[in-house]
Amino acid sequence: MAIAEISTDDAIVAARPTRGSRFAWMRAFRHGGTLVGLIVTSFFIVLAIIGPYIAPYDPAAVSYDYLQPPSAAHWFGTTQTGQDVFSQVLEGARISVVVGVAAAVIAVFLSILVGITAGFLGGVTDDLLSMLANIFLVIPSLPLTVILIAYLPRSGSLGVTLVIAITGWAWGARVLRSQTLSLRRRDFVEAARATGERTSAIIFRDILPNQLAIIAASFLGTVTGAILAQAGIAFLGLADVTEYSWGTILYWAQTSNALLGGAWWWFVPAGLAIALLGTGLSLVNFGIDEFINPRLRLAGIGTRRAQRAMAKRPRVKKAPGTRVIRGAAAPFTQESSDVLLEVRGLRVEYGSEHASTVAVNDVSFSLRRGEVIGIAGESGSGKSTLAYAITRLHKPPASITAGQLLYTRADGTVVDVLGLSEEELRRFRWEELSIVFQSAMNALNPIMKIGEQIDDVLRAHRPDMPEADRKARVIELLDLVGIREDRVNAYPHELSGGMRQRAMIAIGLALDPEVIVMDEPTTALDVVIQRQIVEKIMELKDRLGFAVIFITHDLSLLIELSDTIAVMYAGRIVEIAEAQEFYRRPAHPYSRGLLGSFPTLGGERRELTGIPGSPPDLRALPSGCAFAPRCPLVQDRCRVAMPPLTKVAVEIGMRPTEARCVIYETSDSSERVVEAV
Ligand code: ADP
C-alpha cells in the first residue's frame, strides 16, 4: 500500500547519487579545479614542513655571486649580497604558511564564538557583540595593524599572527551571526527545541554543522588573507626582517631596488608563491563548499539524472475517488475521562510597546482521545497562533495572556500545560504531544540524514535506549509511514515532498504521543500526494489511537478527515460542530459563507458563492461581532456586543453544535433552530 503510493512521486529519488561508500567524500574532488587546488595547497604545506631542510644553501649566507640571474647553481638567482633566493623562498614558506594558518585558526575561532553567541542568544548580548564586531569592521585594518604591531613588544611572528587574527575576525563573525539568526528561526531548529534537545546540542548538532561550509570558506579565505597580510606587514618592514618569509624577501627586494635594477628573479618567485598558494586555497574552498553542502553536491551529480527521471515520470491524473475518511473517535460523551486536552478561554496577544493584537481570543474546546479536530478559517484568523500556543512553541512578541490548557495523562493525572517549566515542557512535548510543521523542507535539517533526525528525537528522550533498539525503531517508524528502509540514509533534498512530510510524521510519531498538532502539513504538496498523506495520517491514527489537531485553510479536506470542525474568525471560534453535521447544517453565517467558497471533494455539485469583503484587521476590530460587516444576516444588535458561543443543537452521542451568533442567543438549546435561519 504505502510503497505503491509513493512510487509515483519517487522518480526523482531514484536519481539520487549512490551512497554508503566510505569513499563518498572523495567525490568532492572529482572537479579538476578542486584537485588542482588540493595539489597546489598540499605542495606548499609540504614545502613549509621540509623547505628549510632541503634548501641548498643557508638563506642568510652571503657570497660573491651578487645579483646573479637564475642558473644551475642558483635556481632562482641571488640577491645583491649573493644570498640564494631559492633557499630563501623555501625557508620563507614555513613562516608564511604557519603565520597564515595560525592567524586564521584564531580569527575563525573568535568569529564562531562571537557570531554564533550573538546570533543564538540575541538581546543585549547580541547588541554588545555586534557593536564590538562593527567597531573592528569600521576601523581600517591596515592602520590598525600598523599601530598594533608598533605597540606590540618585539614578538616576531607570534605578534604578527595575533595582530592579523585580531584585525581579521569581525567579518566572519557578522556572517555567522546573520546565518545563526536565520537558522535559529528555521523550523528544524524549532523542531529540535521542541523535541527537547539542549541548547548546546542544538548549537553543535543543528547550528554549527549547517554553517560548516561558511566556516570552512571563511577559514580558507582567512588563511589566504592572513598570508597576504603577513606578506604586506613584512613588506612594509613591520615584521622582524631578519626572519625569512615571502614578505621579507619582497621587503629586501624592494629596499634594494630590485625592480628598478631589473633583478626580477628576486621578487617574482616569492610573489608567485603567494599568488599560487592563494589560488590553490580558493580552489579547495570551492570543493569543500560543494562537499559540505549536499544541495550543491546534488547539483553537480544528480541534477541531470534527476531531470531525466522527472521527464520519464508517469503523469498522474486527478485525485482518484472521493472516499470519505473518518476518524475513529468514540461517540461524544460528556465524561471528563474522555477528554485528553482541554483549552479554556485561551487568549494569545502579539504585543508591542504601543499596541497589542489579540490573535486568539477566548478560545475554548476539548479534544477527546482519538479525535481529530480540524481548525478552519481564512488566513490571519489565528489558526497557527492557536496551534503554536497549544504546543507552547509561540515566540515573542506572542504571549498567552489568559486561559488554561489542561492535559489528562493516560493514568488520569491532569497536567496544567501553561504551568510546566521548560524542563517539564521538554518531556511533555513529543512524549505526549508532538507537532508536524507546515513545510517539511524547512522543518528537516538539510544536512542530516532522515534516519539520524528520527534517531535524534529518540536519543534526546530515551538516553538509555540501546543503539540497536533505536536503529530498529527508526526503521519501524519509516516503515510505518511508508518510507523504505533503504532511504534511512537519504538527505531531505533527496526525498520527494510527500516523503519529506512522511518523514516529519515519523519524527512526530517517534515517542508514541497522544496528540499530534499538524499545521498545514499538506499545503505545499500537490493534490495526489496530499491525499496520500492524509490517508496515511488517518490510517496511522486508527492504528495508534492518537488525537489530532489539524489546521488547514482547505475546508473540504478538513471536513473529510475531521471528527469535529472548529471555525475561527478574527481570533475566536465562531462555530464548533461535528464535521458531518457542520457540512450538512453549518450554523454560523460565516461557516455557510466558507462552505459556499469551497468545492466539495464528494457530494453534490453546487455553485461557489464566496464571502464578500475581506477578513478584518485584528488591530482595528469593529465593535460587536467581528463578522458583522460581511454578514448577510446582520442586525443592529450584532454591532453592540460579541455574542457568546451558544449551543445550537444537542443530540445524544454527538458533540453539541455551538455557534457565536445573535440569532441563537434566545433559542432553546434542545431545539434545532438551524433550519429556521
Ligand atoms: P492563520 O494561521 O489563521 O493564517 P495566524 O495565527 O498566522 O493566522 O495569524 C493571526 C493574526 O495574528 C494575524 O492576522 C496577525 O494580525 C497576527 N500575527 C501573526 N503573527 C504575528 C507576528 N509575528 N507579530 C504580530 N502579529 C502577528
Side-chain angles (χ1 to χ4, degrees), residues 122-123 181-182 184-187 189-190 193-194 343 345-365 372-403 405 435-440 442-443 516-525 548-559 561-562 564-576 582 588 590-591 593-595 597-598 610-611 613-622 625-627 629-630 642 660:
L181 277 176
S182 120
R184 203 180 62 170
R185 292 191 200 106
R186 291 279 299 276
D187 285 348
V189 175
E190 286 299 337
R193 268 196 238 258
V343 182
L346 197 70
R347 183 181 173 95
V348 186
E349 297 184 38
Y350 287 96
S352 72
E353 279 174 29
H354 312 291
S356 87
T357 308
V358 183
V360 169
N361 201 349
D362 193 17
V363 165
S364 302
F365 65 89
V372 180
I373 287 196
I375 314 253
E378 287 165 292
S379 230
S381 56
K383 305 183 297 292
S384 295
T385 307
L386 175 64
Y388 276 81
I390 288 173
T391 53
R392 278 192 58 193
L393 276 174
H394 60 286
K395 284 172 285 181
S399 61
I400 298 177
T401 50
L405 279 175
I435 308 114
V436 174
F437 289 94
Q438 193 161 14
S439 154
N442 275 340
I516 304 189
V517 178
M518 300 191 171
D519 182 13
E520 306 259 9
T522 57
T523 306
L525 307 170
V548 181
I549 297 179
F550 199 102
I551 291 175
T552 176
H553 59 269
D554 184 344
L555 192 60
S556 27
L557 181 74
L558 211 56
I559 291 170
L561 66 89
S562 305
T564 301
I565 300 277
V567 179
M568 289 190 73
Y569 190 79
R572 292 177 189 265
I573 290 187
V574 292
E575 174 165 358
I576 182 161
F582 173 83
H588 195 281
Y590 176 62
S591 309
L594 264 190
L595 274 170
S597 321
F598 278 89
I611 309 170
S614 48
D617 180 353
L618 293 185
R619 289 163 303 178
L621 285 180
C625 173
F627 186 59
R630 299 169 76 188
M642 172 59 81
R660 209 181 258 284

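Residues: numbered from 1 along the sequence shown. Only this structure's heavy atoms are used, side chains among them; waters, hydrogens and symmetry mates stay out. Whatever order the structure lists ligands and atoms in, that order sets their numbers, starting from 1.
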inquiry  = Counting C-beta onward and ignoring hydrogens, is there a side-chain heavy-atom pair between F582 and L595 closer than 4.5 Å?
reply    = yes
task = Would you mind listing which atoms of ligand 1 come within a distance below 4.0 Å of any non-hydrogen atom of K383?
result = 1 (P), 2 (O), 3 (O), 4 (O), 6 (O), 8 (O)
request  = Ignoring angles and geometry beyond distance, decide whether G382 reaches within less than 3.5 Å of ligand 1 through its nitrogen or oxygen atoms.
outcome  = yes
key: Under-4.0 Å heavy-atom contact with ligand 1, by part of R619 that carries it   = neither
request  = Please report the closest heavy-atom contact between K383 and I551, naming both atoms and the distance.
outcome  = O-CD1, 3.3 Å
note = Here the atoms of ligand 1 under 4.0 Å from any heavy atom belonging to S381 are 1 (P), 3 (O), 8 (O)
request  = Could you pull out all residues at least two apart from L621 that satisfy side-chain contact (heavy atoms from CB on, under 4.5 Å)?
outcome  = A570, P616, L618, A626
request  = Could you list which atoms of ligand 1 come closer than 4.0 Å to a heavy atom of T385?
outcome  = 5 (P), 6 (O), 9 (O), 10 (C)
message = Only heavy atoms of E378, strictly under 4.0 Å: list the atoms of ligand 1 that pass.
response = 3 (O)
query = atom 13 (C) of ligand 1: which protein heavy atom is closest, and how many Å away?
reply = G380 O, 3.9 Å
ask   = Minimum heavy-atom separation for A376 to I565, with atom names?
value = CB-CG2, 4.4 Å
ask   = Just which atoms of ligand 1 are under 4.0 Å from any heavy atom in A359?
value = 11 (C), 12 (O)
Distance-only N or O hit between ligand 1 and S384, under 3.5 Å = yes
note = The residue among H588, R630, E575 that forms side chain to side chain donor-acceptor pair (under 3.5 Å) with Y569 is R630
remark   = min-distance protein heavy atom vs atom 26 (N) of ligand 1 -> Y350 CG, 3.3 Å
ask   = Can you check whether T401 reaches V348 side chain to side chain, under 4.5 Å on heavy atoms?
value = no
request  = List every atom of ligand 1 that sits less than 4.0 Å from any heavy atom of S379, numbering the atoms from 1 in the order shown and giving each element.
outcome  = 4 (O)
message = Can you tell me which portion of L618 lies within the under-4.0 Å heavy-atom range of ligand 1? Options are side chain, backbone, both, or neither.
response = side chain
query = Considering all heavy atoms of both residues, which atom of Y590 and which atom of M568 are nearest to each other, and what is their separation?
reply = CE2-O, 3.6 Å
request  = Using side-chain contact (heavy atoms from CB on, under 4.5 Å) as the criterion, list what pairs up with S364, not counting sequence neighbours.
outcome  = D362
